[in-house]
Amino acid sequence: MKKFIALICSVLLITVLAACGGGSDSSSGEGSESASGGDGEVKTIKAGIGLNSDHPQYKGLLKFKEIVEEKTDGAIKVETYHSGQLGDDRTMTEALQLGTQEVTIPSTAPLANFVPEFSVFDIPFLFPNEEVADKVLAGDTAQGLLDKLEEQNLVGLSYWENGFRDLTNSKHEVATVEDFEGLKIRTMENDLHLDAFKALGANPTPMAFTELFTALQQGTVDGQENPYATIYLQKFYEVQDYVSNTHHIYSPFVFLMSKSFYDGLSEEQQKIVKDAAVEAGKYEKKLNREANEKYLKQLQEEGMTYTEITPEARQEMVDAVQPVIEEYKSKIGEETVDKIYEEVEKAQK
Ligand code: TK8
């Protein structure tokens, strides 16, 4: 008899605990915020990037996919597309605004067409090194820019790394400002980049990344500028002969999500995608940094001529673009520019 009473009490206790949600986190009681979203519906994230599947950016996207699908028990599926299969940075960002795509990871330069303040990162020679870039991108101004994306039906979940941009061309070595004269250089679709290369004496053309290799191959443009990892992994060495370590701009990527999709997630799912974007971004940056040093050597092994820019020559380039920086202060926002320079100075102490 005593055993029977003990059994009844155990069953009652388990029942009470389950009713209070004392069991697994998959309880779908009223108002519960669960990773599965509570309604059993599987949500799909269509995620597209412009770089190819060899690039650290795509490996970072696969890491995002792995984390999200595991943490939501498959309630959110991530479909990944690379090499511009879904379009270029601008068209994919517009697709997020329309809700026809859920994730893309553009450079901040084209993003400035949606939120002009992002052009603060297009200020030439703003960051002296990666350590300062890391600190400033984790700072108030950079994080505040992400918040401004919401007005554009976009959610900026984290900064990833494109990296320091270096010049390549098919005409001749570039060692000084004079060597830019007349070079037809493709730039990202960003007015500050365009005006900066004009100030250096080049003849710049804005162009989507998806059109770049063909334009270099056909001689529509003489050169372009991107980090070594992109130059190597996109095989630009096949159509470019000269590379210089101009390091003229540090490009961040922004991990973007469609706001309409993000708002449709449960609170717990929102936390999962946000944390996954941050964690995958750290992984991508680690791979990217390891890649950039390795790939400069491999570009030379593929036959490219490497030109080291001396500090004096770089200073001439800084001086040449100074008027453009002054002109863009008001276009970007004086306060944003002043604050970012303060943070750069503070990051070097
Ligand atoms: C790839 C682009 C690329 C960028 C460019 O989608 O356009 O040159 O540096 O990485 O975002």
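Numbering of ligands and ligand atoms starts at 1, following listing order. Quick caveat: nothing in here was measured; it's all calculated off a predicted structure.
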Inset, instruction - Could you tell me which atoms of ligand 1, counted from 1 in the order shown, lie closer than 4.0 angstrom to a heavy atom of Phe253? - result: 10 (O), 11 (O)
Inset, instruction - Give the numbers and elements of all ligand 1 atoms closer than 4.0 Å to a heavy atom of Phe209. - result: 1 (C), 3 (C), 5 (C), 7 (O), 8 (O)
Going by an N to O cut-off under 4.0 Å, is there a salt bridge joining [X] and [Y]?
X      : Y      : result
Lys339 : Glu343 : no
Glu267 : Lys271 : no
Arg289 : Glu161 : yes

I need the nearest protein heavy-atom contact for [atom]: residue, atom name and distance, please.
atom                    : value
atom 7 (O) of ligand 1  : Arg186 NH2, 2.9 Å
atom 9 (O) of ligand 1  : Asn226 OD1, 2.7 Å
atom 4 (C) of ligand 1  : Ser107 OG, 3.4 Å
atom 2 (C) of ligand 1  : Asp89 OD2, 3.4 Å
atom 10 (O) of ligand 1 : Asn162 ND2, 3.4 Å

Legend entry - N/O separation below 3.5 Å, Arg165 to ligand 1: yes
Legend entry - Thr104 side-chain N/O to Met92 backbone N/O, donor-acceptor pair under 3.5 Å: no
Legend entry - Partner of Leu256 under side-chain contact (heavy atoms from CB on, under 4.5 Å), chosen from Leu146, Leu149, Asp89: Leu149
Legend entry - Close side-chain approach of Leu111 and Val115, heavy atoms under 4.5 Å: no
